[in-house]
Amino acid sequence: VSTYSTLITGLCRVGRLPEAWGVLECMLEQGCRPMVHTYTPIVQGYCREGRVGEAMDLMAMMEKCAGCPPNVVTYNVLIRALCDAGQFNEVKQLLTESRTKGWTPSIVTYNTFMNGLCQKGKAKEALVLLGVMLGKGLDPTDFTLSILLNCLCHASRISHARYLLERSTSSRWYAGVVAYNTVMGRLCEMGHWRGVLKLLTDMIKKGVMPNTRTFNIVIRSLCIGRKCSAAKSLVCNKGFAANVVTYNTLIDWFFYHRKLSEVGHLLSDMAAGKIAVDEVTYTIFVVRLCRDGNFAKASSCFLKSLENGLSMDLLGVLINRLAYSGKIPETIRIFQNMRERKGLSLDNSIFDLTIERFCRAGYCHDKYIHNLNSILDAMLGKQ
DNA sequence: GTAGGGTTAG
């Protein structure tokens, strides 16, 4: 059963739910009884696709027919999905019913709920929930502290967050690297780059080891503080393991200030360090090239990202820029180029997206309708 | 290495 469950987990993680169901059927045929470890990943698979109704149906089936009722982990998966959908009343309902349904909310349940509230701007309610949780005798974990600090940062109570960090030395509220990263990230966002450096020294003094994320926040902070050369030497001296985020941060910064030779150096450093560029790298290039009016180069950059097997998400960014600059021939040329290259499919979703972006840019007005028509012709493959 | 859940960076 653990072999089958592992396989089902893997299939669900990559969104191959029909095959996961196939494996489930197969194990039933073999007389191998599924357990809660087998069903929960499928529940999560539905949740990830936003099919919360189907997830709940499956949980009802587990309870009534399969003789393996959902447990706290299954409920936590469902609660995460309900939070993402903003259905907080349903979550509260689940918690009040938990006793009769035979499961007990855990620290993870409360962490999930508090984080969900915080993500939707309900930091205050999250802090109330913290009180409820402590009242039940549940001990906070390092996750709880990070979620709580995130809540405080979003509620613009950053000084409260810093106060907690400074005092968090007890084992009950231990501030680890993630806790520091949370507050440092928020300070960086607000432009308080000196505060970021202060926390970096604090954490090192306390014996909390910074990780790559920490350094990436520090690097961005140094850039904001106009200490780009310090940022660059931190990377060059290999004081930490730089990754694609590190390079994207620096590339965006130098590109923004039009220091293209620096961008070139960074790209060759990446190649030398065997760090592959990703969607974000290409997005930086496309956005910056469009800003400088270099739409042809931006388009070829997008096509290159497709050749490298990256997703279509960047097309929305590019089309948006083209639409707002009224670049219809360039848009049509992208379709032609995509048609010419094998394996690149032009489907309705691409056309929907294009029309939507052009309309939003004002092209649904009568006087521009012939311009839209030329795009429609290109979609139909007419010259 | 030991089947499923919760946090942070571009």
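Chain A is the first sequence line, chain B the second, and so forth, proteins listed ahead of strands; every chain is numbered from 1.
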For A/Lys198, all residues meeting side-chain hydrogen bond (donor to acceptor under 3.5 Å, both in side chains), sequence neighbours excluded = A/Asp202
Winner on side-chain proximity to A/Ile147, out of B/dA3, B/dG4, B/dT7, is B/dT7
Can you check the A/Asn115 CG to B/dG6 C1' distance for me, whole Å?
-> 7 Å
Rounded to the nearest angstrom, tell me the gap between atom NE2 in A/His37 and atom C1' in B/dG4.
-> 5 Å
Proximity to the side chain of A/Phe143 - top-ranked nucleotide from B/dG6, B/dT8, B/dA9 = B/dG6
Contacting residues from residues 9-16 of chain A, given that a heavy atom lies under 4.0 angstrom of DNA chain B | A/Thr9, A/Arg13
Between the base of B/dG6 and the side chain of A/Ser106, is there any donor-acceptor pair under 3.5 Å?
-> no
If you check every side-chain atom of A/Thr212, which of B/dA9, B/dG4, B/dA3 has the closest atom?
-> B/dA9
Please tell me which of the listed nucleotides, B/dG6, B/dA9, B/dT8, lies nearest to the side chain of A/Ile217?
-> B/dA9
Taking the side chain of A/Val73 as its heavy atoms from C-beta onward, which of B/dA3, B/dG4, B/dG6 lies nearest to it?
-> B/dG4
Starting from C1' on B/dT7, measure out to CZ on A/Arg213 and report it in whole angstrom.
-> 9 Å
Applying side-chain hydrogen bond (donor to acceptor under 3.5 Å, both in side chains), name anything that partners A/His154, two or more places apart in sequence or on another chain.
-> A/Asn150
